[in-house]
Amino acid sequence: MRYLIIGLMLVANLFAVQEDKIQIFMSQNINNVVKIIKNGKENNISKDILSQKIFKIFDPVFDYKLMARLAVGGRVWRSINQSQREEFTTLFTKRLKSSYKSKLDMYNGQTITVDSIKKIKANRILLLSELSGKKQKYDITYKFYKAKNAQWYIYDVNILGVSIIQTYRAQFSDELKKSSFNELLKKLYKKS
């Protein structure tokens, strides 16, 4: 899980980036995020301030609404009303960000290398990258889709072949087998 969060930390804003520029743009902005993290550690900047700076960079590239919908599953998403969808999306986004913020201390000089892009459909791209530490390397795949507004957004991240969305979907599915959707919302409130 910690490598998942480190991988998320190193994502940057792709707002208005053309498909053929994604790889270069990501590499440049990953370097910017690493500088923010290093500076924060060297200057004892609080996790709150540090995470705000980083979220400002990569919030526009994540489609949190789609991620929330995928994490709870299509059947559940269709069964809830708009207000519940908005509430769940807000709480899910807070949970992702809180998890990320709690992992900031785990950064110890790891680097991320953007390797290549693999187009799997006209509106789907995988950005293949690698997180390297002193002793280990981890594959990270950022999953992008092209929205109706022609922008590219991340809707999932795989680390070591494990999907963030599938992990949350399994957790939420287990919760929903035991209780109602409103109970799931209450639990998410308690954790936020």
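Throughout, residue positions are numbered sequentially from 1 according to the sequence presented.
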Plane angle bin for Phe88 and Trp77 - parallel if under 30°, tilted between 30 and 60°, otherwise perpendicular: perpendicular

Mind telling me whether Tyr168 and Phe92 have parallel, tilted or perpendicular rings, with 30° and 60° as the class edges? perpendicular

Considering only residues two or more places apart or on different chains, which pairs with a residue in residues 84-100 satisfy salt bridge (charged side-chain N to carboxylate O under 4.0 Å, His left out)? Asp59-Lys97

Under 3.5 Å donor-acceptor, Asp156 side chain and Ile164 backbone: yes

What about Leu96 and Tyr189, same hydrophobic cluster or not, with Ile/Leu/Val/Met/Phe/Trp/Tyr joined at side-chain heavy-atom distances under 4.5 Å? yes

Within the supplied structure, the quantity of interest is the number of heavy atoms (other residues, nucleotides, ligands) at a distance under 6.0 Å from Lys143 NZ; does it exceed 12? yes

Lys119 with Glu19: basic N within carboxylate O range, under 4.0 Å: yes

Ring-face cation contact, Tyr155 with Arg69, 6.0 Å cut, 45° max: no

Side-chain donor or acceptor of Gln23 paired with backbone N/O of Asp115 under 3.5 Å: yes

By side chain to side chain contact (heavy atoms under 4.5 Å, CB included), which residues pair with Lys148, not counting sequence neighbours? none

May I ask you to decide if the ring planes of Tyr64 and Phe62 are parallel, tilted or perpendicular, using 30° and 60° as cut-offs? parallel

Not counting sequence neighbours, which residues clear side chain to side chain contact (heavy atoms under 4.5 Å, CB included) with Ser116? List them please. Leu128

